[in-house]
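In what follows, every chain begins at residue 1, and chains take the letters A, B, ... in the order their sequences are listed.
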There are 2 protein chains.
Amino acid sequence: MKFSESEENYIKGIYALQQKSKRVNTNSLASLLETSAASITDMLKKLKSKKLLDYKKYHGFRLNEEGNREALKIIRRHRLWEYFLVSKLGMDWEKIHDIAEELEHVSSKELIDRLDQFLGNPTRDPHGDPIPNEFGIMPEVNQISLKDLQLKRSARISSVSDQSPELMEMLNNYGIRIGTPIKVLQSFDFDGSLKVKIARQPDQMISGLAAENIFVYDY
Amino acid sequence: MKFSESEENYIKGIYALQQKSKRVNTNSLASLLETSAASITDMLKKLKSKKLLDYKKYHGFRLNEEGNREALKIIRRHRLWEYFLVSKLGMDWEKIHDIAEELEHVSSKELIDRLDQFLGNPTRDPHGDPIPNEFGIMPEVNQISLKDLQLKRSARISSVSDQSPELMEMLNNYGIRIGTPIKVLQSFDFDGSLKVKIARQPDQMISGLAAENIFVYDY
DNA sequence: AAATAATTTTAGACAAATCTAAAAAATATT
DNA sequence: AATATTTTTTAGATTTGTCTAAAATTATTT
């Protein structure tokens, strides 16, 4: 089965939201994809008729087996291209997401499997996210959000949410890379800000929102 | 200016036909793009309104300065990706055209210029076609169609029309590659067939249609 | 549990890209 | 030059993906 670019974007969006909550609802997908709720409903019908979705009117939806398989293919393509853009073309962290977003829709399996091999079968993309292998298996991840990291506990950055160039820009500013050591020194309930120590830099403050989008290995 | 995938395909098609005849007509573009004449007319209006086209109703059309510039960008992307697919991923001649056809629509200039550099600024794609540089300049070509090659004259394959996997398959069968020595021994008016000597192989017959789509260096 | 608020779906419209069939214009033929 | 043929354009319909506004449903609050 081949899917349109639009269909693929919805599938990917649903997959992403499923990681947070079992069932996904219309509005959250609408806000993720920056589209109207009505458009979501329209597409849900289509994806349901294509048997990718478990969907009950007014009661949320989720990808079925087949839908998840398809999502993992798209994610594999996206992350392999991100890896390519950084490791072979030397592009900056902030720029790769949008380009990979376009490249991911080229769906030749042979192309992607050969690219994978050419890149040396990487298991993590430049943001630290796991890359599904050609059978759709994700390497195991043991990571937690920085905001959930125990105080004073030494950890290392495992990945960062790859959705926004603006976040990338800020992380560069903090000197945060995959593997960078980090420790949470103090947590402020007022706004969720954290005082953190990044590598050997002086202590710094980081916002709650940023902390939510940064992940560390959980040993 | 950004163009839709569809617009880009029309631009590319017009550019290709312009190489044969000054002005392009509706039906020939329709047959190249395998679409209806009505669709061509619709798109001509659009491209004209976007100022890429010199178009007079009922009297053919051609790309203007701006249109040619755009066409060269698309061709550059296509050919660089073809080069990548063969030289880095080791894909077969026959398969690369269709994949490059999809990749070419990803239009980030930085991506393409970096890809170019990564590939070592190649000047010819795997079919032997010249790759425009980042300023849209095509390396000079001095090639003629095999069907126009003088009898008994030693030549080398410079390029082959890249439109069809079926042609690629047949050329592989003949042992024809870029750079392969070739000589026309005899020409048959009956159907335009040629008796040729390819490299050190025994003499072989090749159809007129194939000969039209094979090019050699014209010294 | 009734009223209010929030969420989701439907109805109907629109733009892009395509199509078929008919009309218009250009070209070729007798 | 009049007629026939070919080519091109127009008119109107269709599909995909989107939208807004209104209606339906579910959730929350008093």
Flag the pair A:V160 / A:M168 as yes when at least one side-chain heavy-atom distance between them is below 4.5 Å, and no otherwise.
yes

Considering the options A:K109, A:Q117, A:K73, which one meets the side-chain hydrogen bond (donor to acceptor under 3.5 Å, both in side chains) requirement together with A:E134?
A:K109

Answer yes or no: is there a side-chain heavy-atom contact under 4.5 Å between B:K88 and B:L119?
yes

Quick one: is B:S4 getting a side-chain N or O under 4.0 Å of the C:dA16 phosphate, OP1 or OP2?
no

Indicate whether OP1 or OP2 belonging to D:dT18 is found under 4.0 Å from a side-chain N or O atom of A:S6.
yes

Rounded to whole Å, CG of B:N9 lies from C1' of C:dA16 at a distance of 14 Å

Within residues 100-108 of chain A, residues whose heavy atoms come under 4.0 Å of DNA chain D
none

Is the shortest heavy-atom distance from the side chain of A:H59 to the side chain of A:F61 under 4.5 Å?
no

Evaluate the criterion side-chain contact (heavy atoms from CB on, under 4.5 Å) for residue pair B:Y217 and B:N142; output intermediate values, then yes/no.
CA-CA 6 Å; B:Y217 288 116; B:N142 275 63; 5.8 Å; no

Between D:dT7 (P) and B:R23 (CZ): distance, integer Å
18 Å

Below 4.0 angstrom, N of the basic side chain to O of the carboxylate: do A:K12 and A:E8 qualify?
no

Tell me the interatomic distance from B:L33, atom CG, to C:dC19, atom P, rounded to whole angstroms.
10 Å

More than 12 heavy atoms of other residues, nucleotides or ligands under 6.0 Å from CD of A:E66: yes or no?
yes

How would you summarise protein contacts on nucleotides 6-11 of chain C per nucleotide, using B for base, S for sugar-phosphate only and - for none, with heavy-atom distances below 4.0 Å?
-SBBB-

Is the phosphate of D:dC19, meaning OP1 or OP2, less than 4.0 Å from a side-chain N or O of A:S36?
yes

Quick check, are the ring centers of A:F84 and B:F84 under 6.0 angstrom apart?
yes

Distance, rounded to the nearest Å, where B:M43 contributes CE and C:dA15 contributes C1'
13 Å

